Amino acid sequence: MRRRLAMLGDAGTSLVELMVSMLILGVILASTVTLAIGFERTTAQNTARQDQLESARVASERMARTVRTAVKPSQLTSCSLTGCAVDAFISGSGLSMSFYANFDNPRNSIGPRRVSYTVATTGADAGVLIEKMQVPDSPIPTSSGYAYCNADSPGATAACRARVTTTRLASGVRTSGTRGVFTYYDDAGSEIPLASGTSLTSAQLARVLALELTVVVQSDSPTRPGPTTYIQRVTLPNAQAVMRLEGTGP
């Protein structure tokens, strides 16, 4: 027995060697898992960032396309009554604006749509950029101009609500910071400051000739990529034509 054991010698695996092997294997496995997690996180961040960019781009381009059709009601009809002699923009602030648009209106068979864009800051729609388009009650203006029913009223009829189309253009819109989504410029290219930091006055609305759309989007993805900012400057060709005809433009 002793001779046989002597012939076998020490050709076995010791406990120390086994522990060292397990330690090395554990380091390799941990490194592989870490690399895989990092790669997955990077891929998820890139995907979320691309989604943010696409959301901001689509929202900006849709708004730009519609804003370019902003028009004074008097440009669409020969109506010379006071109700038709109103400006293209109805209201304007950093987070919302509304205006008349000659959008999808062949030969003025429908009338100017009343369009509004708003970024909700509270409630279930907080951070959502919402578009509303409403066709007038009649394509023929009255002495008060074009009429639009109150679709938000609890007593609004089904026909009235059917005239309004609501679209959620983008979610995750960030509104913190010194600038809002909408910045307004006059015919000289100068920024029109918001009255009292809230909204434009009637006199300022009449001077709007260009807009700058600044859409900042950050998704609620667990990877939390940095916010994506998309900026687009839009000139109002219809308003510019009227200003030149009146002799007040460049």
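Not measured: the values here are computed from a predicted model. Positions are given from 1, in the same order as the sequence printed here.
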In Å, rounded to the nearest 0.5 Å, how long is the span from [atom1] of [X] to [atom2] of [Y]?
X      : Y      : atom1 : atom2 : answer
Asn102 : Ile110 : CG    : CD1   : 10.0 Å
Leu200 : Ile192 : CG    : CD1   : 6.0 Å
Leu95  : Thr118 : CG    : OG1   : 9.0 Å
Met22  : Ile24  : CE    : CD1   : 12.0 Å
Gln134 : Tyr100 : CD    : OH    : 10.5 Å
Leu129 : Leu169 : CG    : CG    : 4.5 Å

Any side-chain heavy-atom pair of [X] and [Y] under 4.5 Å:
X      : Y      : answer
Met63  : Val215 : yes
Arg233 : Leu211 : no
Val67  : Leu236 : yes
Glu212 : Tyr184 : no
Thr229 : Thr214 : yes
Leu76  : Pro112 : yes

Test of understanding: clusters of I, L, V, M, F, W, Y form through side-chain heavy atoms closer than 4.5 Å, transitively. Do [X] and [Y] belong to the same one?
X      : Y      : answer
Val164 : Phe99  : no
Leu213 : Val216 : no
Val86  : Tyr146 : yes
Val208 : Ile90  : no
Phe182 : Ile130 : no

*For Tyr230 and Ser55, does a side-chain donor sit closer than 3.5 Å to a side-chain acceptor?*
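Note: Tyr230 and Ser55 side chains miss the donor-acceptor criterion.
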
Would you find a donor on one side and an acceptor on the other, under 3.5 Å apart, between the side chain of [X] and the backbone of [Y]?
X      : Y      : result
Ser109 : Pro106 : yes
Glu131 : Thr167 : no
Tyr148 : Arg113 : no
Ser96  : Gly92  : no
Arg161 : Ala156 : yes
Asp137 : Cys149 : yes
Ser190 : Asp186 : no
Gln75  : Lys72  : yes

_Between Thr66 and Tyr117, does the side-chain hydrogen bond (donor to acceptor under 3.5 Å, both in side chains) criterion hold? Intermediate values first, please._
CA-CA 11 Å; Thr66 307; Tyr117 291 105; 3.3 Å; yes

*Check the surroundings of atom CD1 in Ile140: do more than 12 heavy atoms from other residues, nucleotides or ligands lie under 6.0 Å from it?*
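For Ile140, atom CD1 is not crowded (no more than 12 foreign heavy atoms under 6.0 Å).
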
*Looking at Arg207 and Asp87, does any basic side-chain N land under 4.0 Å from a carboxylate oxygen?*
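Salt bridge flag = no for Asp87 with Arg207.
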
*Charged N to carboxylate O below 4.0 Å: is that the case for Arg65 and Glu61?*
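Here Arg65 does not pair with Glu61 in a salt bridge, since their nearest N and O are not under 4.0 Å apart.
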
*asked:* Between Thr198 and Ser93, does the side-chain hydrogen bond (donor to acceptor under 3.5 Å, both in side chains) criterion hold? Intermediate values first, please.
replied: CA-CA 6 Å; Thr198 55; Ser93 68; over 6 Å; no

Of all the heavy-atom pairs spanning [X] and [Y], show the shortest one and how long it is.
X      : Y      : answer
Ser219 : Arg174 : O-NH2, 4.2 Å
Pro73  : Cys84  : CB-O, 3.8 Å
Gln204 : Ser199 : OE1-O, 4.2 Å
Gln52  : Pro225 : OE1-CG, 3.4 Å
Pro139 : Asn108 : CB-O, 4.5 Å

*Quick one: do Lys132 and Asp152 satisfy salt bridge (Lys or Arg N to Asp or Glu O under 4.0 Å)? Show the steps, please.*
CA-CA 11 Å; Lys132 285 188 177 183; Asp152 295 328; 3.6 Å; yes

